[in-house]
Chemist: 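Once you've had a glance at the structure underneath, I'll fire off some questions.
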Protein chains: 2
Amino acid sequence: MNYEALLHEHTLKATPQRLGILSLMHTNGHISIDELFEQIKKQFHSISLATLYKNINAMSETALITEVKIPNMKSKYEIAKERHAHLLCDKCGEFKDISLDIDKLIRLTEAKSKYKLNDTSLIFSGLCEKCK
Amino acid sequence: MNYEALLHEHTLKATPQRLGILSLMHTNGHISIDELFEQIKKQFHSISLATLYKNINAMSETALITEVKIPNMKSKYEIAKERHAHLLCDKCGEFKDISLDIDKLIRLTEAKSKYKLNDTSLIFSGLCEKCK
DNA sequence: CTGAGTGCAAACGTTTTGCACTTGC
DNA sequence: GCAAGTGCAAAACGTTTGCACTCAG
């Protein structure tokens, strides 16, 4: 994936720090601020937490990344992608995407509610295949 | 609703402050810490924010109340009840319950994922009937 | 070359803690 | 009566800001 172009599309400069953040976000799938800071320090010894926050905020505001708020847990961040839901294993902490027919769910809920819906936040929690 | 009994069932003492918190939570449906503090101060002039937090934590830990984490917003709290989803109006901020067939959604997602699921957090956002 | 981004230290708002006092049971 | 709860002030925590310096475009 070309993160440099991605940043430019979102009117942000492609700094080495940002490329590192996006790369870690991609390989981890979902990552918290703390985890990100621990990992990025290995590449950028002197990176500051302030820089990390500024970048997370800049990339969230331009919708390049998305914050995922999870019940009873710190937020995780992911590179923005098409609509999807999340699965959380309460035992081992595995957190991953799952694709559902969210459009259908939205249509159903619109019919029931009279709302015009455009977004969802869906998190399922339980036990993963290994832990159950 | 008998909040005194409800507290006792959760091994918590029924103090006037707690009864006030639960009453406000019930009449508001969903309420943030700030809103709660503003409102409860009217009844308990000298209540402290520390007491509010301690009680919110105690009641969350015993699952008497539930924290609802909402994208791009402060958390709201509600008295725990059967499974349901939430609707948020991005324009006027209306936030309310909606009952969907969540069991069905869970069964569907279990089939797809191999997870054994027991809980969900589902928030739909868009425009309410008046705002759309 | 210039505005955007970085890193540091200080500031800020939110939540938690310690402690003496009070109260529910 | 005693453990649990309250309220205060202080501390801890996560996040943001201001500023001088650096760098991407």
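Quick note on labels: first sequence line is chain A, next is B, and so on, each numbered from 1. Keep in mind the model is a prediction, meaning the values are calculated, not measured.
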Chemist: Rounded off to whole Å, could you give me the CZ-to-C1' distance for the A:F37 and D:dG14 pair?
Modeler: 13 Å
Chemist: Ignoring backbone atoms, test whether B:N55 places a side-chain nitrogen or oxygen under 4.0 Å from the OP1 or OP2 oxygen of D:dG5.
Modeler: no
Chemist: Assess whether a salt bridge exists between B:K41 and B:E38, defined as any Lys/Arg side-chain N lying under 4.0 Å from an Asp/Glu carboxylate O.
Modeler: yes
Chemist: Measure from the side chain of B:D34, starting at C-beta and using heavy atoms only, and say which of C:dT14, C:dG18, C:dG5 lies closest.
Modeler: C:dT14
Chemist: Is B:H8 near enough to C:dG24 that one of its side-chain N or O atoms lies under 4.0 angstrom from OP1 or OP2?
Modeler: no
Chemist: So which nucleotide from C:dC25, D:dG7, C:dT6 ends up closest to the side chain of B:S48?
Modeler: D:dG7
Chemist: Output the rounded distance in Å from CG (B:L12) to P (D:dA4).
Modeler: 11 Å
Chemist: Look at the side chain of B:A50 and decide which nucleotide, out of D:dT6, C:dT17, C:dG3, has an atom nearest to it.
Modeler: C:dT17
Chemist: Among C:dC19, C:dG7, C:dC25, which nucleotide sits nearest the side chain of A:S46?
Modeler: C:dG7
Chemist: Looking only at the side chain of B:I47 (C-beta and beyond, no hydrogens), which of the listed nucleotides C:dC25, C:dT6, D:dG7 gets closest?
Modeler: D:dG7
Chemist: Rounded to the nearest angstrom, tell me the gap between atom CG in B:L19 and atom P in C:dT23.
Modeler: 15 Å
Chemist: Which comes earlier along DNA chain C counting from the 5' end, the contact point of B:K13 or that of B:I33, where each point is its nearest nucleotide?
Modeler: B:I33
Chemist: When the distance from CG of B:L49 to C1' of D:dA12 is rounded to whole Å, what number comes out?
Modeler: 15 Å
Chemist: We want to know whether A:E78 and A:H84 form a side-chain donor-acceptor pair, criterion being a heavy-atom distance below 3.5 angstrom.
Modeler: yes
Chemist: Atom CD of B:E61 to atom C1' of D:dA4: distance rounded to whole Å?
Modeler: 14 Å
Chemist: Find the distance B:L7:CG to D:dA4:P and express it as a whole number of Å.
Modeler: 15 Å
Chemist: Taking the side chain of A:R18 as heavy atoms from C-beta outward, which of C:dG24, C:dT6, D:dG7 is closest to it?
Modeler: C:dT6
Chemist: Between D:dG25, C:dC25, C:dT6, which one does the side chain of A:E4 approach most closely?
Modeler: D:dG25
Chemist: Record whether the side chain of B:K41 comes under 3.5 Å of the base of D:dG7 through a donor-acceptor pair of N or O atoms.
Modeler: no
Chemist: The side chain of A:N57 is closest to which nucleotide in this list: C:dC25, D:dT16, D:dG25?
Modeler: D:dT16
Chemist: Taking the minimum atom-to-atom distance to the side chain of B:Q17, which one of D:dG25, D:dG7, C:dC25 wins?
Modeler: D:dG7
Chemist: Side chains of A:S60 and A:E67 only: does a donor on one sit below 3.5 Å from an acceptor on the other?
Modeler: no
Chemist: Would you indicate whether the side-chain heavy atoms of A:F124 and A:L88 approach each other to under 4.5 Å?
Modeler: no
Chemist: Base, sugar-phosphate alone, or nothing: which one does A:A14 contact when heavy atoms must sit under 4.0 Å apart?
Modeler: sugar-phosphate
Chemist: Whole Å only: how far is the CD1 atom of B:I40 from the P atom of D:dT6?
Modeler: 10 Å
Chemist: Heavy atoms from C-beta onward define the side chain here; which of C:dT6, D:dA24, D:dT6 lies closest to that of A:T15?
Modeler: C:dT6
Chemist: What about A:K54: does its side chain form a donor-acceptor pair under 3.5 Å with the base of D:dG18?
Modeler: yes
Chemist: Would you kindly give the CD-to-C1' distance between A:E38 and D:dG14, to the nearest whole Å?
Modeler: 15 Å
Chemist: Would you indicate, yes or no, if C:dG7 has its OP1 or OP2 atom less than 4.0 angstrom from a side-chain nitrogen or oxygen of A:T51?
Modeler: yes
Chemist: Hey, would you say the A:H8 and A:H10 ring centroids sit under 6.0 Å apart?
Modeler: no
Chemist: Could you check whether B:E94 and A:Y115, counting side-chain N and O atoms only, form a donor-acceptor pair closer than 3.5 Å?
Modeler: yes
